[in-house]
Every structure is written in C-alpha cells, then in structure tokens.
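Just so it is clear: chains get the letters A, B, ... in the order the sequence lines come, proteins before strands, and each one is counted from 1. Note that this is a predicted model, so its numbers are computed, not measured.
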2 protein chains.
Amino acid sequence: MVKHTGRPGYLQIADDLRAQIRGGALAPGSPLPSTAQLAEQYDVSLSSVKTAVGVLRTEGLVVGQQGKGVYVRDAAEAPADLAGEVAELRSAVQELSVRLARLEERVTSTGHPA
Amino acid sequence: MVKHTGRPGYLQIADDLRAQIRGGALAPGSPLPSTAQLAEQYDVSLSSVKTAVGVLRTEGLVVGQQGKGVYVRDAAEAPADLAGEVAELRSAVQELSVRLARLEERVTSTGHPA
DNA sequence: TGAGCCAACTAGGTTAACTATGTTGGCTAG
DNA sequence: CTAGCCAACATAGTTAACCTAGTTGGCTCA
C-alpha cells in the first residue's frame, strides 16, 4: 500500500489517516481501525503503524484509549481557538488541585497505611 | 535519570529537552547531544531516545540532519507552536488525572474511615 | 440466576537488531 | 601536495519481540 517514494511509510500512513479525518471519512468520536488491521491494510509492520499513530497522537488529532481503540478527537474538544483550550486546561488544573488538596487533607489527618 | 512516575520515559526526555530549548539552554541553531549521548545521559535505550526526538521533530521544535545531528529550530522558522505546548499540557493534565484517581482509589479503599 | 474467572483483543512502552544514508576526518598512495 | 579511500560516527527507517494494562464477552461453577 505504501508507495516507495522518498517519503517514509509511517508518514504516508499518517498523511492518509489525517486526510481521512480532515475529509470526514473518519468522523470525530469514531475509532480508527485497530493497529493490527492498519498493519494489514497498509502491508507494513505493527511497529510502523504504531509510529504513524504516534505522530497523529502528538499532533493531537487522535486519542488512544488503552484496551479499546484510537479515536478521532472531537472538534469540540480540539478547538482551533487556543484561548478556549487554555481555559479548559485551567479549569482542569483547578479541579485537580481541589481533589489533591482533599486527598492531602485526608491522608495527613488520619495517617495512612504503609 | 527518568523517574518512574506514570509518565513514559520518552515523554520525560522530550519534556526535558523541550524545557532546555524554551529556557535557552539549547539555543536555536545549536545541536542536541547525539542520540548515543542522550541514551547514556538518561540511561535508556537508543530506541527511546529516538522516540523522544521523534516527538520533538513532529512538534517542529527540532530538525534532524542525517549524518550530522539534530538542531534546535530557529524561533522564527518555528511559528508559534502554542498548539504543541497546549497539547503537551493537555497530556500532562490527563496523566495527572489518572494518577490522582488511582491514588484516591487506593486511599479510600485501603480501609480507613472517610 | 449470578458472580467470577478467563481468553482474546486492544493500545502503549521499551529494547534490540539491522539497514540505509549522509558527514567528517585521517591516512595512504601517487 | 593532492586525490581518493576508508573508518567512525551521525540520523533515519523498519521490523520484531516482550511486557504492561485496560476492555469485553463468553463460559463455568456455585
């Protein structure tokens, strides 16, 4: 499936999947084929598919869920506008802080088992 | 060198290098240590270093020149990769969430009063 | 029936081995 | 002195093998 142009196979696969996502063939929230299926489809090793998916993951186009699959990120959760993303992260950090404080409170007041 | 938190080693290395770049310890145009050196420095395999460098390459922070080395991209030619930074924060928050949830689970279940 | 175990499948991380290819510096032969 | 070769080192790509860990569905046994 991958052509022997100069472009590495794993980038060709990443390109292809990216195009399918941008083009809507892979809708937000939908899963990519499993890595095993992709490996067969493109006729490359599992390792190369993992590398390709890793690129998309780094780009934030896709999120992996261990045990389930790799899902196309929702446009809503991947806002083009960075300010919104930052606001989202800020609230997430806020929430984590609260939970951590609660946990610290509990552990220091009651002692905790070794 | 890499700590055994939940965060994968190759991401810790990528984080560290990214911080050095952002902090100016690795100036634009200057080369990173060779992959062999990094492998020794962080006490991981060559493969993990390659993965880490691959992340930075995907983020556009760094460019590799075959036969020579990996160079920090000029800030000018690396147009505002706030998106990359945000992506990084997102994954960090995600990872913290998981760790916190695990901790909460452990503390509440290991038998001591709420 | 229902609870629990277990097998099969999923992604993810790490390492190793091998190949290709580019760069550089030193050495040698003419 | 110079041209060419060659060894050493660099990134890059590909594959394979293990291991961890989460999910799911079916099967068994009480």
Side-chain angles (χ1 to χ4, degrees), chain A residues 1-17 26 29-73, chain B residues 1-17 26 29-73 87 90-92 94-95 97-99 101-103 105-106:
Chain A
M1 175 64 191
V2 294
K3 305 176 183 68
H4 29 295
T5 63
R7 195 155 177 80
Y10 76 95
L11 284 184
Q12 291 183 43
I13 296 173
D15 289 346
D16 196 42
L17 293 174
L26 285 170
S30 67
L32 269 56
S34 79
T35 53
Q37 287 174 326
L38 289 174
E40 188 183 0
Q41 174 181 339
Y42 290 102
D43 193 30
V44 294
S45 70
L46 213 52
S47 303
S48 289
V49 169
K50 282 167 150 191
T51 305
V53 172
V55 169
L56 298 180
R57 221 164 6 122
T58 298
E59 290 176 354
L61 274 179
V62 123
V63 287
Q65 283 188 34
Q66 211 170 1
K68 295 190 71 179
V70 178
Y71 295 87
V72 178
R73 280 194 67 169
Chain B
M1 176 61 190
V2 295
K3 306 178 181 67
H4 28 294
T5 64
R7 194 155 177 81
Y10 76 93
L11 283 184
Q12 292 183 42
I13 296 173
D15 290 346
D16 195 44
L17 293 175
L26 285 170
S30 68
L32 269 55
S34 78
T35 52
Q37 287 175 328
L38 289 174
E40 188 184 359
Q41 174 181 338
Y42 291 103
D43 193 30
V44 294
S45 71
L46 215 51
S47 303
S48 289
V49 170
K50 281 165 144 193
T51 305
V53 171
V55 169
L56 298 181
R57 222 160 10 121
T58 298
E59 290 175 354
L61 274 180
V62 123
V63 287
Q65 283 188 35
Q66 209 172 359
K68 296 189 70 179
V70 178
Y71 296 86
V72 178
R73 277 187 71 171
R90 196 196 305 125
S91 78
Q94 165 66 19
E95 190 247 329
S97 294
V98 171
R99 280 169 59 194
R102 247 195 291 262
L103 200 57
E105 173 64 25
R106 213 176 55 182

Can you name the residues that form a side chain to side chain contact (heavy atoms under 4.5 Å, CB included) with A:Q65, not counting sequence neighbours? A:K68, A:Y71

What is the separation between atom NZ on A:K50 and atom P on D:dG13, rounded to the nearest whole Å? 18 Å

Whole-Å distance between C:dG12 C1' and A:L56 CG? 15 Å

Among residues 8-17 of chain A, which ones have heavy-atom contacts with DNA chain C below 4.0 Å? none

More than 12 heavy atoms of other residues, nucleotides or ligands under 6.0 Å from CD of A:E40: yes or no? no

Decide yes or no for B:L38 and B:I13: does some side-chain heavy atom of the first lie under 4.5 Å from some side-chain heavy atom of the second? no

Show the distances under 3.5 angstrom between N or O atoms of the protein and N or O atoms of nucleotides 20-23 of chain C.
from, atom 1, to, atom 2, distance (Å)
C:dT21, O2, B:Q66, NE2, 3.4
C:dG22, N2, B:G67, O, 3.3
C:dT23, O4', B:G67, O, 3.3

Let me see the working for B:L61 and B:V72 under side chain to side chain contact (heavy atoms under 4.5 Å, CB included), right down to the final yes or no. CA-CA 6 Å; B:L61 274 180; B:V72 178; over 6 Å; no

Distance-only check: which donor-acceptor pairs under 3.5 Å involve side-chain atoms of residues 46-58 of chain B, not counting sequence neighbours?
from, atom 1, to, atom 2, distance (Å)
B:T51, OG1, B:S47, O, 3.0
B:T58, OG1, B:G54, O, 3.0

Output yes when at least one side-chain N/O atom of A:S48 is less than 4.0 Å from OP1 or OP2 of D:dT15, else no. yes

Give a yes/no on whether any side-chain N or O of B:R7 is located under 4.0 angstrom from OP1 or OP2 of C:dG12. no

In residues 34-46 of chain A, which residues come under 4.0 Å of DNA chain C by heavy atom? A:S34, A:T35

What pairs with A:D15 under salt bridge (charged side-chain N to carboxylate O under 4.0 Å, His left out), at least two apart in sequence or on another chain? A:R7, A:R18

